[in-house]
Amino acid sequence: MEDVSSRGLHFQLSDSQRNRLRKSRELLREAPGNYHPSAFVNIADPIHVENEATVLKGHGTQVLDGQLLATLSGVVERVDQLVTVKPLRCRYNAETGDVVVGRITEVGTKRWKVDINFRQDVHLMLSAVNLPGGIQRRRTVIDELNMRSLFEENDLISAEVQSVHSDGSVHLHTRSLKYGKLTNGQLVKVPPYLVKRLKQHFHNLKSCAVDMIIGCNGYIWICAAVDSLPSNPEIEKITGDSGAPEMDSCNESISLKVRENICRLANSIRVLSALGFLIYPDTIIDTFDASISKGVAIKDMLGAEFLVMIAEREASRRTKNNYML
Amino acid sequence: MLPDHVNMVLLSATVPNAYEFADWIGRTKQKKIFVTRTSQRPVPLEHCLYYSGELYKICENKLFLAQGVKAAKDAFNAKKSTPRAGGSSGQAGSFTAPGRGAAGHGGHKNSKGAPGQRSSASMVMAQKNSSGGWRSEASQWYSLIKNLSGKGFLPVVVFCFSKNRCDKSADSLTAIDLTSTSEKNEIRVFCNKGFSRLRGSDRQLPQVVRVEELLRRGIGVHHAGLLPIVKEVVEMLFCRGVIKVLFSTETFAMGVNAPARTVAFHSFRKHDGKTFRQLLPGEYTQMAGRAGRRGLDKVGTVIIMCWDEIPEEADLMRLLTGEPTNLESQFRLTYNMILNLLRVEDLKVEDMLKRSFAEFHAQRALPEQQQQLKEGEGELLQMNTTINCILGDPTIEEYFELAVEAEGLGEELHEAVMQSKGVQSLLVPGRVVVVYTPPLPVPTLGVILRASTPSSGSKNWIILAVNRGSNAFDSSISKATSGDSLSESITDGYYISRKSNRGLEDEYSVSSRASRKSAGVVKVSLPHYGTTGGIGYVAMEIDNKAIVSICKSKIPVDTVRLLEDVSSAAYSLTVQQLLQLEKQYPNQDPPVLDLVKDLKLNDITIIEKYYKRQRLLERMAMNQCHRCTLLHEHYNQFKKQSALKERVRRLKYELSDAALQQMPDFQQRIEVLQEVGCINSELAVQLKGRVACEINSGDELIATECLFENQLVDLDAAEAVALLSALVFQQKDASEPTLSTRLRAAKDRMTATAIRLGSLQAEHGLNIIPQDYAHDTLKFGLVEVVYEWAKGTPFAEICELTNVPEGSIVRTIVRLDETCREFKNAARIIGDSTLYQKMSDASEAIKRDIVFAASLYVTGVPS
């Protein structure tokens, strides 16, 4: 017996499971589309370039004594003359236009501070949110006083990165109806580098009546599809501690089936993140379907067997693609 | 994209399709828009022609006065006939003494040396054509100004359509002084204050000195070549009313709210970047609208100067009373826009395109189209009842497809085949042909009886065909199974036949007369229906198009008995022969003439088509529907159905995003971006794309490529910023700069990149010629100037380096600062600190003195 701890999850593997996992990992390592081993560098490793003078030294590189060195451990990437080192593990790096899920940490003057897994807490200005009722007007002192009625500390919100400033500070905005407070769902945190950047980050999984927001910052929000809910803007999130009567009713409004779907999806994401696979709707749904077809109970999805199974599945899929190519 | 809470007030004096525009804004913003329009002017205008010292009124209160033009014309002719003597102005001008005019010439000549020395590059050019005509022009100005000031028509704005002409005209008026002592004082004080923010050497710039001197005499110049601060001083002084004569370009009419008593047009032709053209009514209105100051003047006067000829009345009419050009969408997709839209999830590029004014008409028609689509779909649903074929499985679909294809080919072929000589000689009486024309439900065998030439000229044939379509009056025909519907279809067909044969019956008398000459009379009325032995037949006249194919067989026919005696025995005989022939070849048509062998056609394409069509026809003949009596009905039904399907498909297409006008352009640009690597195949924006997003001031593709190729690496800050000036500078005819080898190499590199990108875009179908693209986007005219400026050379010196006016230099450098900022941001995204440092150094280097002097409007004039 051996224990495998991976990204906050703890798996107990039997010997055979361990072998199977190792085998599929080996297969994956040789699968096509992977980086060539030489592309990996460690801190202070020299990066081989043909002519040091003409290359653009991007992030994660530095010139020391006429030699280009990596300042991060990661993968060397080249775009034309630009050489950058993309770190293997890092915090979220905000880019304009990203969809993020964040948690309010502080209500300040005219702004909220939001944790989005960035180097620092980012700002959501009062002027960058939609006021209730959708009326657009100048923000008054009254609005400032009522900020807590919009978002409180520990509220979860979805937002878009509006701008990244030269001093490193980041501003968000929620100026669209699809952004705003998140309720009736579950948050899953994964490393941001596993989230594949796509054109769409809001997904509506019709088959499970579930909405999913895959924040670029690695925070993934899964909730009951908005259409299936009575639209009640005052509903609090279900994980709230106090038991107001409206909250009970809103809890009941989600059927057991949907709640199961939410949990199953959440566990699918956790498994993928534990294995370090890219997370995007296709992989999530694939894992989700696999768990159903194999009849794995939701609680067993975080067990060793399912983990190994998904790894094997992915390995065989990639090698199969290889033959097809 | 504008937030909803921003309310809009839109004002225009020249937009004719205001309702349309308002409708569009209202639709896209989901808001009510109120349109108020009036043709009332608080100060009415009167338009005049000015010719040799006289004003001829040609338009007042929007009424065009033709007699004004005529009077001007008369004066023109009268003058032409009299020998020209001396100064042009002295002759007719009662306001200007001849001596004064002469003094004007002298004054101009004398002063020529002085301005020449301190003139800028543009001035040098201006003096090239100071010929005799030019001198008389100067004196014309004198007479005009005298004239106007006599009438109290000053101040006047004179619109010239080039910077050179403005300068030239203003400088020619050396001997005129329109200001009083107190005004002079005011101007002097104001100029001192205004220019006080310039550094010592900058205050002595030729342009500043020259304009100041002009201003003192109440003359102003205003165009884009001026330094911004000079322009502001001129504008402000004009608003104070101390400038009496202002020479300006079109720009003064836009944006600056500074009306005058009178507006004069130097000419009404202008150069719009490509060709000389006449002013558009909209432009004229915009500029003429500057005349008449509200509350000060009763009327505003607009003067069109006529130098040596009177413009045509029609031209003037069009200019003065014509409808201004409609507002059109100028929305063009740029790469930058696409990338910016792609990286946010909220907005789709397609939506953006949809909201463009260009798509307005399509969008307005949307509900109607949706309605049509619904109807079409409903109809289709009803139609979709399966066709009950009496022969079992309906193969009508296949048959229809074959028939449509055959028809298309047939039409092409027919023209070729029927006009060939071989065919004409073969189509003699007795020849068996396959005929397919409306009264006949299916392609049928027939025999040619006679050739006839109706009045329309094309050759027609009288044929006898087996009428298998079962005439309504013959119920004994075994194959007619569903009599009612069929008879209907036959009668339908009958009428159609009349139409399609161009009213044959009416024409028949003509054709019969024609045939009488040659052979005999046709006594039977066509089409002639009959039956024999249970088989219907029809004798009729057909044209080339009805002959589907020509068979090899020939049967003997008795033309005379058939057509003249109308002997039923003869008909019976012929029909029997036809039927026999048909029996010989069950399930298919009798063998047809070979195109090559029998018709002796040898055009390869025709032959190919012909064979293809023959194969199709064979397949059609094999199809069980071919002999079906219900074919015609089913065929029509199916035809209708597929027409409906086609319509529904087209409507759906129009409603989809793909029908947007700029959609192909958008797709091509997406492909280019993918090729360059700005976005990946899933349209997610990549690092390169994010860099391109930052760059707004120049061509984003070229700038990004240059960055990623690290073209700035071996240049220092001053050189780098000089190179970047190519991206923002816009003037075409700038003098060639002299460059250091390093800069020249960098320039070549950049041009190569541009050409590469240009050809890449051309490959993806965008309408771009690589060389022109490089030439249009990169203009290296100011590279040397900017380099010197960044190295700290005084402004006066860098102006000597080029023929580009001072104002353009300043504008370019200001924009260049913006570019530096964008490149700085790009460097931050890339993570290259040296580039970042270089760009901020460059920005520091160019930000100084006159170029970045604060606007007088913003800071106010120091007192």
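Each chain gets a letter, A, B and so on, in the order its sequence line appears, and its residues count up from 1.
Within the 4.5 angstrom heavy-atom criterion, only side-chain atoms of A:E95, from C-beta onward, approach chain B.
No other option in A:V161, A:T96, A:T84 has as many heavy-atom pairs under 4.5 Å with chain B as A:T96.
Minimum heavy-atom separation, B:I830 to A:L82: CG2-CD1, 2.9 Å. Closest of all the heavy-atom pairs between B:R828 and A:H59 is O-NE2, 3.3 Å.
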